[in-house]
2 protein chains.
Amino acid sequence: MARQKSGERITIGDVAALAGVSRATVSRVMNGLATVDRSIADRVLAAAKQLNYMPSVAARSLALGRTHTVGYVVPDLTNPAFHGAMRGLSLAAAKQHYRVLVADTAEHAEEEPILAIETRRRCDALVLCAPRMPQDELLRLLPELAPVVLLNRDAGDESTPLLGIDWASGVRDLVRHLVGLGHRRIAYLAGPPSSASNTDRLKGFESLRDAIDLVQIPCGAMFSDGHAAAGQVLDSDVTAVIAFNDVVALGLLGALHELGVQVPGQLSVAGFDDIPFAAFTSPALTTASVPQLELGELAWQRLWAMLNGERPEHSVVFRPRLVARGSTGQASD
Amino acid sequence: MARQKSGERITIGDVAALAGVSRATVSRVMNGLATVDRSIADRVLAAAKQLNYMPSVAARSLALGRTHTVGYVVPDLTNPAFHGAMRGLSLAAAKQHYRVLVADTAEHAEEEPILAIETRRRCDALVLCAPRMPQDELLRLLPELAPVVLLNRDAGDESTPLLGIDWASGVRDLVRHLVGLGHRRIAYLAGPPSSASNTDRLKGFESLRDAIDLVQIPCGAMFSDGHAAAGQVLDSDVTAVIAFNDVVALGLLGALHELGVQVPGQLSVAGFDDIPFAAFTSPALTTASVPQLELGELAWQRLWAMLNGERPEHSVVFRPRLVARGSTGQASD
DNA sequence: TTGTAGGCGTTATCAC
DNA sequence: GTGATAACGCCTACAA
């Protein structure tokens with residue numbers, strides 16, 4: 001009985017030899033092409049199984065021009081806001097036997113384009129989340145990245161699918177909610193100035209200029225930013241705070257608790273995203289909820305369409321859903 | 001001037017033609033081999049730049065037998081406990097121009113082995129986090145997966161590097177801490193019965209049988225599990241609870257808050273992992289802290305060594321560090 | 001120092 | 001229905 005050279009990788013040739021057929025036939029069988037005689041197919045399958053044959057991914061990629069991999073590029077892999085989409089993408093892609101390659105730009109905004117390109121070259125398509133990349137740079141990059149779908153941020157480019165969030169709408173909902181509770185003077189813990197979604201939120205506030213008294217406090221996008229901002233918040237004499245996102249809001253909540261400030265008794269707090277933790281803190285966090293998992297799934301649908309030469313489904317902009325929880329209440333002043 | 005066929009991929013041949021050299025020379029230049037004449041190298045570089053040439057990843061993989069990718073297999077991509085290690089791995093690997101392919105087993109324990117193998121075939125090495133895989137199955141799998149490093153769980157196999165956690169030690173620290181605060185009757189919200197690390201924790205409790213009065217409550221590994229366990233915890237008449245992990249602990253905290261139970265006034269709560277949120281909840285969570293990010297970095301070091309045919313650094317078992325925060329206090333009863 | 005030629009493991013296009 | 005054979009794009013002895 002034919003035996004493969006020990007220690008070396010088993011190739012399609014080994015299987016062909018064992019089964020007494022050509023490599024082409026083995027290939028056909030492995031790929032489920034129906035044009036093969038049943039008895040031969042069985043023989044090939046048996047041989048493959050006996051040798052524990054597994055096709056070389058690299059060789060297939062080269063021959064087919066497809067890697068069966070999609071990239072997921074985000075600014076920070078530890079940010080919970082990106083996890084839902086990552087999982088949605090990963091699970092959806094897995095159904096078509098695609099895998100996800102992750103890339104963390106580690107907040108180095110300058111290297112983002114290079115990293116995106118680098119990642120794209122190993123994949124068939126890309127999901128790009130680049131909230132801080134300058135618009136013109138992004139636009140220049142897009143053609144080189146295609147097929148690509150944009151997450152959470154518009155590039156003003158019709159031809160690349162966008163899965164966006166209407167942050168301004170979320171701001172309006174949150175503010176309306178707070179105003180309904182009697183709040184007038186509200187602080188906004190702003191995200192990174194270079195963040196496109198921060199700009200969107202600010203537009204939302206802009207449209208409400210008459211309804212409330214807004215205090216803008218420069219902050220950031222992370223726990224520690226929210227935590228550090230507590231002092232300024234208290235000094236600002238507001239009755240409610242809207243944080244750039246849930247992570248920031250939770251950072252603030254923690255600091256307020258340490259300082260003995262009652263939430264929502266003395267201060268109401270709200271965020272964006274509805275990360276999994278938001279529902280379980282004490283008090284639970286009021287937030288403008290974003291369907292993260294779905295974002296990832298939809299991203300895959302669009303990628304899949306483009307990979308098959310079809311036109312991707314419509315771009316969509318989700319309107320956040322207000323989820324009122326314990327962290328917001330009647331204005332105290 | 002030579003012009004590449006429009007629309008098609010630019011290959012090493014195009015660059016060679018433009019520079020007037022052989023493909024071999026281009027290859028040498030692109031790979032930084034010093035044995036090339038300076039002027040020729042410059043010409044090649046210029047040609048490559050002009051054509052915006054980028055080597056085909058698939059072709060290199062096939063020729064080199066290396067994908068420059070490592071896999072990261074976890075049960076649930078949304079579990080914060082895995083994010084730190086993922087980022088540590090990703091960032092460390094990036095320095096050697098390696099990328100990370102993620103795979104989410106979606107809690108389907110049965111498919112875990114297949115998924116691991118499938119993932120491994122696209123990569124040069126694997127970081128495997130398979131807390132629920134039966135020991136014998138894992139042992140059988142390991143040779144097929146090598147080079148591989150195990151995260152958070154021992155397989156009893158000397159030859160595969162392990163980055164583990166001494167959960168029993170963490171249990172002891174937590175219990176000692178609680179006993180020091182006057183607690184005697186303590187509940188343990190157990191993780192999934194099939195979880196190896198749950199078994200480890202139970203061993204820790206076992207060794208303390210005389211010191212405390214332990215109430216074991218079947219629970220799980222997720223928010224909702226902790227949240228749902230609140231009733232049983234209260235019925236059990238304990239003064240302190242140690243949860244399977246921080247996520248469970250936070251779920252419990254949320255439920256207790258809803259029920260108006262004071263923490264730590266009426267009940268002390270502690271967890272494992274020290275996920276980023278733990279420090280920012282109210283009250284902040286006492287926990288047995290695990291160096292997640294470092295785990296990922298060390299995993300990469302070991303993988304890197306093995307990829308270079310070297311012997312990997314020692315396996316290490318981290319002893320969790322007790323981080324006492326607001327969620328634990330003097331026993332009330 | 002540079003070029004030639006063969007190989008990496010598949011798939012796809014032909015004949016047969 | 002099946003088998004040669006030529007891609008796929010790169011790397012690397014080996015020869016020059």
Side-chain angles (χ1 to χ4, degrees), chain A residues 2 4-5 7-45 47-48 51-69 97 118 120-124, chain B residues 2 4-5 7-45 47-48 51-69 97 118 120-124:
Chain A
Q4 76 278 15
K5 290 158 285 181
E8 298 195 0
R9 186 174 221 305
I10 290 148
T11 74
I12 200 172
D14 298 322
V15 178
L18 213 194
V21 297
S22 73
R23 294 176 308 171
T25 296
V26 176
S27 174
R28 285 191 274 261
V29 173
M30 298 308 289
N31 291 297
L33 264 354
T35 74
V36 272
D37 189 88
R38 183 54 186 272
S39 68
I40 295 206
D42 288 345
R43 222 162 69 220
V44 170
L45 258 14
L51 296 175
N52 190 27
Y53 166 69
M54 313 186 115
S56 151
V57 174
R60 308 189 96 219
S61 295
L62 183 57
L64 293 173
R66 281 202 170 201
T67 63
H68 290 263
T69 303
H97 296 111
E118 263 253 303
R120 171 62 181 83
R121 293 193 40 249
R122 299 167 170 256
C123 303
D124 300 338
Chain B
Q4 77 277 12
K5 291 158 286 181
E8 299 196 357
R9 187 176 220 306
I10 290 150
T11 75
I12 200 171
D14 299 320
V15 178
L18 213 195
V21 298
S22 74
R23 294 177 310 172
T25 297
V26 176
S27 173
R28 284 192 273 261
V29 173
M30 297 308 290
N31 292 298
L33 263 358
T35 73
V36 271
D37 189 87
R38 181 56 184 273
S39 68
I40 294 206
D42 288 345
R43 223 162 67 220
V44 170
L45 257 15
L51 296 175
N52 190 26
Y53 166 68
M54 312 186 116
S56 150
V57 174
R60 307 191 96 220
S61 295
L62 183 56
L64 258 18
R66 279 200 173 206
T67 63
H68 290 266
T69 303
H97 297 111
E118 263 255 302
R120 171 63 182 83
R121 294 194 38 249
R122 298 168 170 256
C123 303
D124 299 338

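Excluded from the calculations below are hydrogen atoms, water molecules and symmetry mates; all remaining heavy atoms, backbone and side chain alike, are included. Residue numbering restarts at 1 for every chain, and letters A, B, ... go by the order of the sequence lines.
Between A/V21 and B/M54, it is A/V21 whose nearest contact on DNA chain D lies nearer the 5' terminus.
A search for salt bridge (charged side-chain N to carboxylate O under 4.0 Å, His left out) contacts involving B/D42 returns B/R38, not counting sequence neighbours. The side chain to side chain donor-acceptor pair (under 3.5 Å) check on A/S61 picks up nothing, with sequence neighbours excluded. Under the rule for a side-chain contact (heavy atoms from CB on, under 4.5 Å), B/A63 has no partner lying at least two apart in sequence or in another chain. A/R122 meets the side chain to side chain donor-acceptor pair (under 3.5 Å) test with B/T69; sequence neighbours excluded. With sequence neighbours left out, the side chain to side chain donor-acceptor pair (under 3.5 Å) criterion links B/T35 to no other residue. Partners of A/T11 according to the side-chain contact (heavy atoms from CB on, under 4.5 Å) rule, which considers only residues two or more places apart in sequence or in another chain, are A/D14. Contacts of A/R60 classified as side chain to side chain donor-acceptor pair (under 3.5 Å), with partners at least two apart in sequence or in another chain: A/N31.
B/V36 and B/R28 get closest at one heavy-atom pair: CG1-CB, 4.2 Å. Among all heavy-atom pairs drawn from B/V15 and B/V26, the shortest one is CG1-CG1, 3.9 Å. When every heavy atom of A/L62 is checked against every heavy atom of B/A58, the shortest pair comes out as N-CB, 3.9 Å.
Once rounded to the nearest 0.5 Å, the distance linking CD1 of B/I40 with OG1 of B/T25 reads 6.5 Å. Here the CZ-CE distance, from B/R23 to B/M30, works out to 15.0 Å after rounding to the nearest 0.5 Å. The distance from the CD atom of B/E118 to the SG atom of B/C123 is 11.0 Å, given to the nearest 0.5 Å.
Axis angle between the ends of the helix from C/dT1-D/dA16 to C/dC16-D/dG1, five pairs each and rounded to 10 degrees, works out to 40°.
Taking a heavy-atom distance under 4.0 Å as the criterion, the stretch of DNA chain D touched by chain B extends 5' to 3' from D/dG9 to D/dT12. Contact footprint of chain B on DNA chain C: nucleotides with an atom under 4.0 Å from a non-hydrogen protein atom, first to last in 5' to 3' order, C/dT1 to C/dG9.
Contact check of residues 58-67 of chain B against DNA chain C (heavy atom, cut-off under 4.0 Å) returns B/L62, B/A63.
Residue B/S27 is in base contact, counting any heavy-atom pair closer than 4.0 Å across all strands shown.
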